[in-house]
Amino acid sequence: MTVDPEADVAATAPINPERLLSLVHPELRESAAAMIAAPKVSFDAASLAAARQGWPVPPEHPATVAPVLRRAIPGAEGHALGVEIIGQVTPGAARPAIVHMHGGGMVSGRAAHGTPYCQELAAHFDAIVVNVDYRRAPETPYPGPADDTLAAWRWLVGQADALGVDTSRIALSGVSAGGGHAAILALRLAEIRGQQPCALVLIYPMLDDRTGSTAHPAWPIGTFGWTGQANAFGWSAFLGTPAGSAQVPTGAVPARAERLEGLPPTFIGVGSLDLFVEENIAFARGLVRAGAPVALDVVPGAYHAFDFVVPDSRVSQRFRAGWQDWLARVFAAPKQERAA
């Protein structure tokens, strides 16, 4: 990642649509062209309320796909934490489970935005998915949201038999900011050294507060969707201090973790045009150096959240199949290998 003092100027310079679109995967160009044509808006405190309201909650799949049970569980300091328990609950069974964290730049999104996605996961893996409605910044900065995800993990482990969950087959997953939360939780669990996840699935995760604040990827990375300006705002709200500061709260930024030892097998998937591509590659490199098994999939010409924007494209289908096949292999591995 390069530090570019002219990055803010470049971000506002006129765009050559033909040149930019030529760098996008052919199956994603139509949606990318629509993004280029759309009015440009800043993501900041003044626009946050409108951004939250403008994010529609998709309709759930029928319960026959995977039933959804909403519960309030004990959170940190007496906080009632909302979760969705998705999948067929069969006490005493030994299904795999996934603790999932939704996206939203640390400041937006709710668990309900990911309900259909989690229903698909539950059906695909014959698993229980706990979809965590963690609190959001700036109303609740770090460590509040991280305490929520830890509380959800501990609750699931404690209720494993009643839910029919095999505690040796619980994975963590997250999309975008949710990937950042999943990584934060994995690092906390490695430090605590209690029950550990069997896998960590990070889909274009938000891992480094310096991206967009003190470090700027080269053009055209971060041109579509989530931008450096939005990233700096989201991280500043979450940290309670300006993104890119020399000192940030300990444990709040996965990319700044001093040690990555003890993390479970990890899948990281990201597009080559995604704002997070360089920090995701750097995190994968750190995992390799720490001896953690890691799979990295960088999709050429793909932008942030491409698999949600154009879900039926072949490139999106291949991307989903890649990480789902990887997780299926982890779930199917012998218990002693998952614990290794």
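Note that these values count all heavy atoms, side chains included, but never hydrogens, waters or copies made by symmetry.
For the residue pair Ser31 and Tyr303, a side-chain donor N or O sits within less than 3.5 Å of a side-chain acceptor on the partner. In this model, no donor atom of one side chain and acceptor atom of the other lie less than 3.5 Å apart for Thr211 and Glu278. Between the side chains of Tyr204 and Asp307, at least one donor-acceptor pair of N or O atoms lies under 3.5 Å. Checking Trp323 against Asp297 by side-chain atom types alone, no donor-acceptor pair falls below 3.5 Å.
The backbone N or O of Met101 lies less than 3.5 Å from no partner atom in the side chain of Asn131, so there is not a single donor-acceptor pair. Here the side chain of Arg320 pairs a donor or acceptor atom with the backbone of Pro311 at under 3.5 angstrom. Looking only at distances, no side-chain donor or acceptor of Asp147 sits under 3.5 Å from a matching main-chain atom of Ala76. In terms of modelled atom types and a separation under 3.5 Å, the side chain of Glu279 and the main chain of Asp208 share a donor-acceptor contact.
Within a 6.0 Å radius of CZ in Arg259, other residues, nucleotides and ligands contribute 12 heavy atoms or fewer. Shown here is Glu191, whose CD atom has no more than 12 heavy atoms of other residues, nucleotides or ligands within 6.0 Å. Counting non-hydrogen atoms of other residues, nucleotides and ligands closer than 6.0 Å to CD of Glu139 gives a total above 12. Gln317 CD: more than 12 foreign heavy atoms inside a 6.0 Å radius.
In this structure, Tyr117 has its ring center closer than 6.0 angstrom to the ring center of His100. A distance below 6.0 Å separates the ring centres of Phe319 and Phe306. When ring centroids are compared, Phe43 and Trp226 come within the 6.0 Å threshold. Note: Phe238 and His181 meet the aromatic proximity criterion, with ring centroids under 6.0 Å apart. Between His304 and Phe276, the gap from one ring centroid to the other is short of 6.0 Å.
For the pairing with Val165, the side chain to side chain contact (heavy atoms under 4.5 Å, CB included) check across Thr90, Val89, Leu156 returns one residue only, Leu156. A salt bridge (Lys or Arg N to Asp or Glu O under 4.0 Å) with Arg95 is found for one member of Asp126, Asp161, Asp166 and no other, namely Asp126.
The heavy-atom pair separating Ile86 from Ala66 by the smallest distance is CG2-CB, 4.0 Å. Residue Trp55 comes nearest to Gly103 through the heavy atom pair CH2-O, 3.8 Å, listed as atom of the first residue, atom of the second, then distance.
Ile203 contributes atom CD1, which lies 11.0 Å from atom OG of Ser176 (distance to the nearest 0.5 angstrom). In this structure, the separation between CD on Gln119 and CD on Glu60 is 5.5 Å, given to the nearest 0.5 Å.
Aromatic ring orientation, Phe331 versus Phe125: perpendicular (interplanar angle above 60°, classes split at 30° and 60°).
The pair Asp325-Arg318 does not meet the salt-bridge criterion, since no charged nitrogen lies less than 4.0 angstrom from a carboxylate oxygen.
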